[in-house]
Amino acid sequence: MLPKFSHVRPDSLRKALSFLDENEARIHGGGTDLIGCLRDRIFTTETVVSLSAINELRGIEPTADGGLRLGATATIAEIAENPTVVAGYGALADAAGVVASPQLRNQGTIAGNLCQKPRCWYYRGDFNCLRKGGEICYAYEGENQQHCIFGGDTCFIVHPSDTAPALAAHGAVCRVSSPSASRSVAVEALHVPPSVDPRRETVLEDDEIITEILIPKPPAGLRASYRKVRDRASWDFALAGVALALVFDGDTVASARVFLSGAAPVPWRAVGVEKAIIGTELDNATIDAAALATVDGAEPLAKNGYKIELFKGLMTEQLEAIRS
Amino acid sequence: MAKKKQHTPKPGSGVTRRGFLGSVGAGAAAVATGVTSRSEAVPEITDPEEMVQTALKINGRLHRLLVEPRWTLLFVLRERLGITGTKAACERGECGSCTVLIDDRPRYACLTLALEAEGSEITTIEGLLEGEELGEVQQAFVEHDAFQCGYCTPGQIVAAEGLLRTNPAPTENEILHGMSGNLCRCGAYQHIVNAVTHAGENRKDGGGS
C-alpha cells in the first residue's frame with residue numbers, strides 16, 4: 001500500500017499551478033515514476049496534483065514555423081506512433097519506441113520522461129545516498145556496473161531518459177510555467193549535473209510545470225537516429241545510447257548535434273564527436289576518430305570499463321548506418 | 001483441443017464472499033471518515049484520511065464506490081470489487097501480471113491510481129469472455145499451450161488483446177516488441193508468440209470480437 005496522500009485532478013493549468021503552493025505537492029503526469037517512487041519511499045508527498053484532466057497540456061501538433069509541439073502529457077506511445085514524428089524527427093521516434101515497455105509507453109508522458117528520477121539501485125534502495133540527503137554516493141566504491149563514465153563528480157548515476165538525448169539532439173525547448181511567470185528551457189539545459197547540485201535532477205522550481213516541448217522545423221538534409229544498448233533486447237534502461245541529428249549537404253556533414261545516454265548523470269553532449277565529423281563525408285578514418293572522441297576524457301569506475309568499448313562500437317555502427 | 005465451455009462466473013454477477021467483505025469494509029470506512037464528492041465544478045483536494053466517491057467503468061459495467069486517493073486500480077479491482085483475474089505480483093510496473101486495458105491500450109493497474117481511471121473504459125481478463133465462452137485470445141492460449149503455471153497468463157492475454165486491437169496482424173518481431181512488458185518466469189514465450197500469431201490470424205479472417 002502506498003503512503004497516504006491527498007489527490008487533486010484539476011481541469012486547467014491555472015488551477016494546477018495554484019495547487020503547487022501546497023506543501024510537498026508532487027506532479028502526476030502519467031504516474032509511472034511517481035507511483036514507483038512513492039511505493040519505494042524515495043520520497044513522500046502530502047498532495048498529488050494530477051495533470052491528466054488538463055486538455056491544454058495534451059496533443060501533438062505542428063507549429064506555425066514548421067516545427068512540432070508536444071503537449072507535456074502526450075504519451076510516449078503517442079509520440080512514437082505520430083506520423084510527423086516518424087517522418088521528420090528520427091531520433092525522437094527511435095527513442096520513444098524503445099522507452100520501457102508498451103504498458104509504460106501507453107501511460108508515461110513526455111514531460112515525465114524528461115523529469116524522471118534516477119534509476120541507480122542505491123538511490124532506489126534502502127541507502128541514504130548523497131542524492132537523497134545523505135553524505136556519500138554508494139555507487140562510487142560499490143556496484144557501479146551501470147553507472148556513469150562522464151560527469152560523476154559526487155554522484156555517479158546515469159540519466160535514465162531515452163527521449164531527453166533525442167530531444168536535445170533535435171534542439172527542442174521546454175516551455176515552463178509557474179503561478180507567476182513562464183519561461184523557456186532548452187532540453188539540453190534542463191538537467192542539473194552533480195557538480196552544480198547532486199540533489200536535484202532538473203532546473204525546474206517546485207512550483208513550475210513543463211507545459212509543452214517545442215521542436216524546431218527539421219532542417220533540409222537532416223538525418224537523425226537514436227539507439228540504445230541494454231542488458232537484454234527489450235524493456236531495460238540504456239547501458240549506452242547515442243542520439244544523432246546530422247544535417248547533410250550532399251554527402252558532407254554540415255552540422256551535427258550528438259548526445260549520449262547511459263554515459264553521465266545528464267544527457268551528455270559529445271562535442272568531440274561533433275567536431276570530428278562536421279565538414280567530413282563520414283569516411284572510415286573519420287568514424288574511427290569519432291569513436292575515439294566519444295570516450296575522450298571518460299573516467300570509468302571499477303566495474304563499468306566495458307562502457308568504453310561499448311560506446312566506441314555503438315558510435316561506429318550508428319555513424320556507418322547514418323552515412324549510407 | 002476442441003473449444004469447450006468454461007464454468008467461469010460472469011464478472012460482477014452474484015455476491016462473492018470477497019466482494020461482500022470488500023463492500024462492507026468500504027462502507028464502514030466511509031461512515032468513519034466522511035465522504036468527499038468529486039462532482040463539484042471546482043476541484044478540491046481530497047483529504048488523505050477521507051474516502052472519495054468515484055465511478056469506474058469496468059468490462060462495460062459502472063461500479064460506484066469509495067476509494068482512498070492512494071488506492072491503485074489493481075487494489076480496487078482485486079480487494080474491493082473481487083475482480084481477481086487481474087493478478088498482483090511485483091506491484092512496481094516491472095512484470096506485467098496486472099495488465100488491463102484502459103481505453104483499449106494495455107497499462108499496468110499497479111501503477112494506475114483508481115482515481116486516474118475514472119472516465120475511462122477499463123477491460124480486465126474477465127471482460128474478454130464472449131458470454132460463457134473463452135474469447136479468441138484466451139482460446140488461442142489454451143490451444144497453443146501458452147502457459148505453465150498460469151500466473152502471468154491473464155496479463156499476457158490482456159496485453160495480446162491490446163496489441164491486436166492496434167495491430168491485428170503483427171509480425172513475430174512486432175509481437176516480441178508488443179508483448180515485451182509481460183514476463184513469464186516459466187519461459188513459455190515461444191508458445192505465447194504462437195498463440196498471439198494465431199489469434200491475430202483468426203481476427204484478420206473475421207472471427208474476432
Side-chain angles (χ1 to χ4, degrees), chain A residues 1-12 15-16 18-19 21-25 28-40 44-54 75-78 80-81 97-108 124 230 232-236, chain B residues 36 38 41-50 52 54 67-75 79 90-96 98-120 155 158-159 162-163 166-167 173 176-183:
Chain A
M1 187 65 73
L2 299 171
K4 290 192 177 212
F5 51 77
S6 58
H7 177 269
V8 64
R9 198 183 184 195
D11 59 6
S12 76
K15 289 178 196 164
S18 73
F19 290 115
D21 296 336
E22 299 292 319
N23 287 337
E24 299 291 323
H28 177 296
T32 57
D33 194 36
L34 176 70
I35 304 302
C37 285
L38 291 172
R39 187 178 304 287
D40 288 345
T44 57
T45 182
E46 291 180 13
T47 308
V48 168
V49 180
S50 171
L51 307 184
S52 63
I54 305 177
T75 67
I76 303 299
E78 287 167 353
E81 295 164 5
V98 294
V99 169
S101 67
Q103 288 91 332
L104 293 168
R105 292 195 290 275
N106 284 334
Q107 183 169 353
R124 295 273 170 169
R230 295 165 273 196
R232 52 184 183 171
S234 66
W235 195 7
D236 209 342
Chain B
T36 304
R38 288 175 56 79
V42 178
E44 288 193 0
I45 291 185
T46 58
D47 189 305
E49 301 298 325
E50 281 186 347
V52 187
T54 190
V67 301
E68 287 186 34
R70 63 175 171 162
W71 285 358
T72 63
L73 178 59
L74 175 63
F75 177 82
E79 308 298 335
C90 77
E91 298 195 54
R92 51 197 301 123
E94 292 177 359
C95 77
C98 69
T99 300
V100 297
L101 299 184
I102 298 183
D103 296 330
D104 293 329
R105 303 299 295 251
R107 286 185 31 179
Y108 297 137
C110 73
L111 289 184
T112 302
L113 296 177
L115 289 175
E116 292 287 325
E118 191 177 274
S120 293
V158 173
L163 170 64
T166 51
N167 181 2
N173 270 340
L176 291 172
H177 191 63
M179 297 291 293
S180 64
N182 294 74
L183 302 183

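Every heavy atom of this structure was used, including side-chain atoms; hydrogens, water molecules and symmetry mates were not. We name chains A, B, ... by the order of the sequence lines, and we start the count at 1 in each one.
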When rounded to the nearest 0.5 angstrom, what distance separates [atom1] in [X] from [atom2] in [Y]?
X      : Y      : atom1 : atom2 : value
A:E78  : B:R105 : CD    : CZ    : 7.5 Å
A:R9   : B:L115 : CZ    : CG    : 8.0 Å
A:Q103 : B:M179 : CD    : CE    : 8.5 Å
B:E68  : A:S6   : CD    : OG    : 12.5 Å
B:T112 : A:Q107 : OG1   : CD    : 4.0 Å
B:E91  : A:R39  : CD    : CZ    : 5.5 Å

Proximity breakdown for A:D40 and chain B, heavy-atom pairs closer than 4.5 Å: side chain
Structural part of A:T32 lying under 4.5 Å from a heavy atom of chain B: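 For A:T32, backbone and side chain are both near chain B.
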Contact winner vs chain A - B:L176, B:L113, B:T166, heavy-atom pairs under 4.5 Å: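 Among the listed options, the one with the most contacts to chain A is B:L113.
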Between [X] and [Y], is any pair of side-chain heavy atoms under 4.5 Å apart?
X      : Y      : result
B:P106 : A:N106 : yes
A:W235 : B:L183 : yes
A:D33  : B:L111 : no

Best-contacting candidate, A:M1, A:K4, A:R105, against chain B by heavy atom pairs under 4.5 angstrom: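 Of the options given, most contacts go to A:K4.
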Heavy-atom closest pair, residues A:P102 and B:S180: CD-OG, 3.5 Å
Donor-acceptor contact below 3.5 Å, side chain B:H177 vs main chain A:G97: yes
Proximity breakdown for B:Y108 and chain A, heavy-atom pairs closer than 4.5 Å: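 Contact with chain A is through both the backbone and side chain of B:Y108.
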